[in-house]
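Here the structure is laid out as structure tokens; the discussion comes afterwards.
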Amino acid sequence: MFQRDDKVVYANYGVCTVTETDARMSMGGVERTYYVLLPTRARGGTVYVPVDHEELMRPIMQRDEALSLVAHIDDIATDDFTDNNSRTVEDHFKQMLRRCDCATALCVLKTMRERIAEQESKRHLPSSMYTRLLDQAEHQVTSELSAALGIDETDVPAFVHAHKQAATV
């Protein structure tokens, strides 16, 4: 059971703060108890998660896990899934992001960056699907690394770059 002020990862919302643990609401004549989550992303709104579905949430990673992940970013491979149907491709990557795993989100992020760069190298506009998936993956990664490392989300790219530089020296 999560407590008030806990930081959790929830679906495509990224990191959220638990603001209530016992909000009661009635829908269709059935009363349920909900967690009330406040996403760190400004446009996230308020999220209500039934207490009996708390498996959809997980605690944020620990600082040492985040540092280890940053140290091994270059080891994370891109995903080579392709299909002629763009909807199938989008569903594949959305399913990966629904795992709420930072390493998997990094895989999607790297894959989308690679595919967008490939399209741009051919002088094509990047696919809107790729840019949406990139945005979702970037948010998941930066929000969790930010919370785990205790830094602002805007500082995450610089932190990763500096940490990778120090690891190669």
Side-chain angles (χ1 to χ4, degrees), residues 1-23 33-81 90-117 130-169:
M1 178 133 186
F2 295 101
Q3 303 300 317
R4 185 181 180 98
D5 297 326
D6 282 353
K7 298 267 191 228
V8 297
V9 177
Y10 177 68
N12 287 335
Y13 289 91
V15 174
C16 300
T17 302
V18 178
T19 60
E20 289 185 55
T21 60
D22 60 353
T33 305
Y34 291 82
Y35 287 109
V36 180
L37 308 178
L38 184 62
T40 57
R41 191 175 224 181
R43 65 180 182 164
T46 302
V47 181
Y48 297 86
V49 180
V51 171
D52 57 343
H53 283 84
E54 78 174 18
E55 73 277 357
L56 300 173
M57 304 183 319
R58 68 168 174 78
I60 62 168
M61 70 175 77
Q62 299 295 315
R63 180 176 175 79
D64 60 330
E65 294 173 294
L67 291 171
S68 177
L69 184 62
V70 168
H72 294 96
I73 281 179
D74 291 337
D75 299 335
I76 296 174
T78 57
D79 189 295
D80 60 357
F81 181 83
E90 184 174 18
D91 288 345
H92 170 79
F93 287 106
K94 280 184 174 180
Q95 190 64 33
M96 289 178 70
L97 291 172
R98 282 189 201 107
R99 293 182 196 160
C100 292
D101 174 69
C102 199
T104 303
L106 266 167
C107 172
V108 173
L109 186 149
K110 289 175 78 172
T111 303
M112 292 307 112
R113 281 187 180 160
E114 183 179 272
R115 292 185 182 190
I116 289 169
Y130 289 165
T131 55
R132 274 193 318 274
L133 289 167
L134 175 66
D135 181 55
Q136 288 176 347
E138 276 182 335
H139 173 65
Q140 280 189 18
V141 170
T142 57
S143 69
E144 186 162 10
L145 288 178
S146 164
L149 297 169
I151 61 176
D152 192 80
E153 280 191 42
T154 57
D155 296 332
V156 170
F159 179 90
V160 169
H161 181 72
H163 198 75
K164 283 174 44 178
Q165 292 285 27
T168 59
V169 174

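Below, all heavy atoms of this structure are taken into account, side chains as well, without hydrogens, waters or symmetry copies. In this chain, residues are counted from 1 in sequence order. Please read these numbers as outputs of a predicted model, since none were measured by experiment.
- When all heavy atoms of Tyr35 and Pro50 are compared, the closest pair comes out as CD1-O, 4.5 Å.
- Summarising the geometry of Cys102 relative to Leu145, their closest heavy-atom pair is SG-CG, 4.4 Å, with the distance given to 0.1 Å.
- With sequence neighbours excluded, no residue forms a salt bridge (charged side-chain N to carboxylate O under 4.0 Å, His left out) with Asp75.
- Looking at Ser146 and Phe159, their side chains never come closer than 4.5 Å, going by heavy atoms from C-beta outward.
- With sequence neighbours left out, Asp80 forms a side-chain contact (heavy atoms from CB on, under 4.5 Å) with no residue at all.
- Rounding to the nearest 0.5 angstrom, the gap separating the NZ atom in Lys7 from the CG atom in Leu37 is 11.5 Å.
- Residues Ala137 and Leu109 share a closest heavy-atom pair of CB-N, 3.7 Å.
- With rounding to the nearest 0.5 Å, the separation of CZ in Arg98 from CG in Asp91 is 7.0 Å.
- With sequence neighbours left out, Glu90 forms a salt bridge (charged side-chain N to carboxylate O under 4.0 Å, His left out) with Arg87, Lys94, Arg132.
- Listed by first then second residue, pairs satisfying salt bridge (charged side-chain N to carboxylate O under 4.0 Å, His left out) with a partner in residues 140-158 read Arg58-Glu144, not counting sequence neighbours.
- Not counting sequence neighbours, the partners of Thr104 by the side-chain contact (heavy atoms from CB on, under 4.5 Å) test are Met96, Arg99, Asp101.
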Per-pair distances, 0.1 Å, donor-acceptor, side chain in residues 61-68, under 3.5 Å, sequence neighbours excluded:
{"from": "Arg63", "atom 1": "NH1", "to": "Leu149", "atom 2": "O", "distance (Å)": "2.9"}
{"from": "Glu65", "atom 1": "OE1", "to": "Gln62", "atom 2": "N", "distance (Å)": "2.6"}

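- Atoms CZ and OG1, on Arg115 and Thr78 in that order, are 8.0 Å from each other to the nearest 0.5 Å.
- Taking the six-membered ring where the residue is Trp, His92 and Phe81 present parallel rings, their angle staying beneath 30° rather than reaching 60°.
- Checking side-chain atoms of Ser143 against main-chain N and O of Val15 turns up a donor-acceptor pair under 3.5 Å.
- A donor-acceptor pair under 3.5 Å links the side-chain atoms of Thr19 to the main chain of Val36, judged by distance alone.
- Thr21 is not listed as a side-chain neighbour of Asp6, based on a closest heavy-atom distance of 4.5 Å or more.
- In this structure, Pro39 and Gly45 approach most closely via the heavy-atom pair CD-O, 2.7 Å.
- Taking CG of Leu134 as the reference point, atom CD1 of Ile116 lies at 4.5 Å (rounded to 0.5 Å).
- Taken to the nearest 0.5 Å, the OH atom of Tyr34 stands 9.5 Å off from the NE2 atom of His53.
- Between Cys100 atom SG and Tyr13 atom OH the span is 11.5 Å, to the nearest 0.5 Å.
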